[in-house]
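Notes to accompany the following structure.
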Number of protein chains: 2
Amino acid sequence: MNVSDLCLGTLYLSDCTGYEIKKLFEAAFSHFHTAGFGSIYPALNKLAKAGLVEVRTEAGEGKPDRKRYSITEEGKAVFLLSLTQTEPGEQLKSDFQVILFFSHLMPTERLRQVVEQMETAYQHKLGYLRSIVEMECHSEGVRLGINIGIASISARLETLKKHKHKLLANHKEPPQCDLSSL
Amino acid sequence: MNVSDLCLGTLYLSDCTGYEIKKLFEAAFSHFHTAGFGSIYPALNKLAKAGLVEVRTEAGEGKPDRKRYSITEEGKAVFLLSLTQTEPGEQLKSDFQVILFFSHLMPTERLRQVVEQMETAYQHKLGYLRSIVEMECHSEGVRLGINIGIASISARLETLKKHKHKLLANHKEPPQCDLSSL
DNA sequence: GGACTCATGTAAGCTGTTACATGATTTC
DNA sequence: GAAATCATGTAACAGCTTACATGAGTCC
């Protein structure tokens with residue numbers, strides 16, 4: 001499942017412009033997938049070339065022109081096929097956990113900062129997820145996805161809160177390293 | 001934090017061969033980072049060229065020759081700098097959640113399969129994490145990282161178990177799509 | 001006047017995956 | 001005899017990020 005597939009899937013639900021797809025990605029997928037304009041626009045052009053989507057240009061009054069994309073029947077078939085054939089999997093990339101892994105090499109003060117930042121980040125994410133789960137327009141699958149996200153982040157936050165004191169209290173200041181040559 | 005940084009960090013802890021680094025990655029980082037030989041070997045060569053690690057070749061008796069890498073003082077300084085400057089962040093890429101998001105477009109039977117696969121995958125991951133947290137060699141930071149992983153996966157699994165019946169019971173078989181032309 | 005939103009796109013580059021190539025030894 | 005483990009590496013490709021380019025309108 002790459003950006004191209006996600007664009008096709010989004011267009012299955014409703015016609016969109018590239019800009020709207022980006023906004024939708026942020027609102028709907030941001031807790032399990034990300035994508036920038038630099039990958040969305042080329043993906044849409046590629047899909048159009050392959051005949052999986054169709055484009056029509058709308059003249060913007062006072063605003064820039066927009067290209068509105070619709071999925072074709074072939075596009076629908078391709079998306080359904082890749083959806084059913086995709087193996088479910090999850091992969092986390094956590095710089096926070098890397099930092100924890102090597103935390104004994106870090107100054108205590110920086111470690112404290114990092115922990116605090118992460119707590120705040122978790123709280124923000126939770127707030128966001130709780131705000132969207134309350135909306136009543138979700139399908140059962142979407143709702144489950146959000147609930148899994150909430151439970152997961154909530155558990156991470158609680159574990160961090162519970163153990164951070166031990167981490168910081170037992171932390172030994174590492175010997176300073178010579179950075180003058182860099 | 002890329003593969004190159006992680007190699008450097010691993011070599012900070014002890015001298016290793018590329019092959020050993022891969023094994024260590026699997027054992028220690030696999031729940032928050034992955035890397036294959038195709039990125040580790042080039043990374044080590046790059047680090048050697050930059051003077052951040054040193055190599056010596058060991059003749060293998062009955063086994064292939066090995067290249068053992070050690071970090072240099074400059075390498076240590078570079079790693080400590082990038083460790084303290086890295087902003088803590090986490091990013092999930094979940095094809096499972098994508099499937100859930102579009103689950104109303106999938107055949108019920110496939111959805112049931114996907115949910116079961118994911119349950120098993122979570123259980124395996126939990127088993128693995130619980131087996132390593134019991135070892136007593138971990139630093140406080142490493143232990144916290146593992147505990148966060150356990151809490152997180154555990155929460156995901158429980159949420160899935162709790163809501164999957166509702167998901168499957170309310171699921172409507174979507175109209176079949178014409179796949180003959182593909 | 002500056003920042004932000006709307007709107008689309010390109011190009012360079014970084015990073016990583018996958019497949020291939022080699023080859024000996026050990027285990028089933 | 002087949003498969004797995006040990007051991008290193010390259011080359012092609014896929015995929016995404018970042019920065020740049022353009023330009024009008026709106027809000028403070």
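When the P atom of D:dC6 is taken as reference, atom CD1 of B:Ile21 falls 16 Å away, rounded to whole Å. Separating the NZ atom of B:Lys46 from the P atom of C:dG13 is a distance of 15 Å, rounded to the nearest angstrom. Note: CG (B:Asp65) to C1' (C:dT25) measures 14 Å, nearest angstrom. Nucleotide C:dC6 holds its C1' atom 13 Å from the CD atom of A:Glu26, rounded to whole Å. Rounded to a whole Å, the CG atom of A:Leu44 is 13 Å from the P atom of D:dC16. The separation between A:Asn2 atom CG and C:dG16 atom P is 18 Å, rounded to whole Å. When rounded to the nearest whole Å, the span between CG of A:Leu47 and P of C:dT8 equals 15 Å. If you take CE of B:Met1 and C1' of C:dT15, they are 15 Å apart, rounded to a whole angstrom.
In this structure, A:Phe96 has its ring center at least 6.0 angstrom away from the ring center of B:Phe32. Taking the six-membered ring for Trp and the full ring otherwise, A:Tyr12 and B:Phe102 have centroids separated by 6.0 Å or more.
Heavy atoms of B:Gly18 sit under 4.0 angstrom from primed sugar atoms or phosphate atoms, though from no base atom. The residue B:Gly38 sits close to a base: some heavy atom pair falls under 4.0 Å. Among the atoms of the strands shown, none is found under 4.0 Å from any heavy atom of B:Phe25. In this structure, B:Thr17 reaches the sugar-phosphate backbone alone: every heavy-atom distance under 4.0 Å involves primed, P, OP1 or OP2 atoms, never a base.
Side-chain contact of B:Thr34 with A:Gln91: a donor-acceptor pair under 3.5 Å is present, judged by distance alone. Between A:Arg66 and A:Tyr19, the side chains place no donor N or O within less than 3.5 Å of an acceptor N or O (distance only, hydrogens not considered).
Residue A:Pro42 places its side chain closer to C:dT10 than to any other of D:dA7, C:dT10, C:dG9. For B:Lys23, taking side-chain heavy atoms from C-beta onward, the closest of the listed nucleotides D:dG9, C:dT15, D:dC6 is D:dC6. Comparing atom distances between the B:Arg66 side chain and each of D:dT8, C:dA7, C:dG9 picks out D:dT8 as nearest. Taking only side-chain atoms of A:Tyr19, from C-beta outward, the nucleotide of C:dG16, D:dG15, C:dA7 with the closest atom is C:dA7. Checking C:dT17, C:dT8, C:dT15 against the side-chain heavy atoms of B:Thr34 singles out C:dT17 as nearest. Of all nucleotides listed (C:dG16, D:dG9, C:dG9), C:dG9 comes nearest to the side chain of A:Tyr41.
Comparing B:Phe37 and B:Gln91, the nucleotide of DNA chain D nearest to each residue sits closer to the 5' end for B:Phe37.
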Exercise for review: Would you please test A:His163 and A:Leu167 for side-chain contact (heavy atoms from CB on, under 4.5 Å) and show each step?
Suggested key: CA-CA 6 Å; A:His163 294 297; A:Leu167 175 74; over 6 Å; no
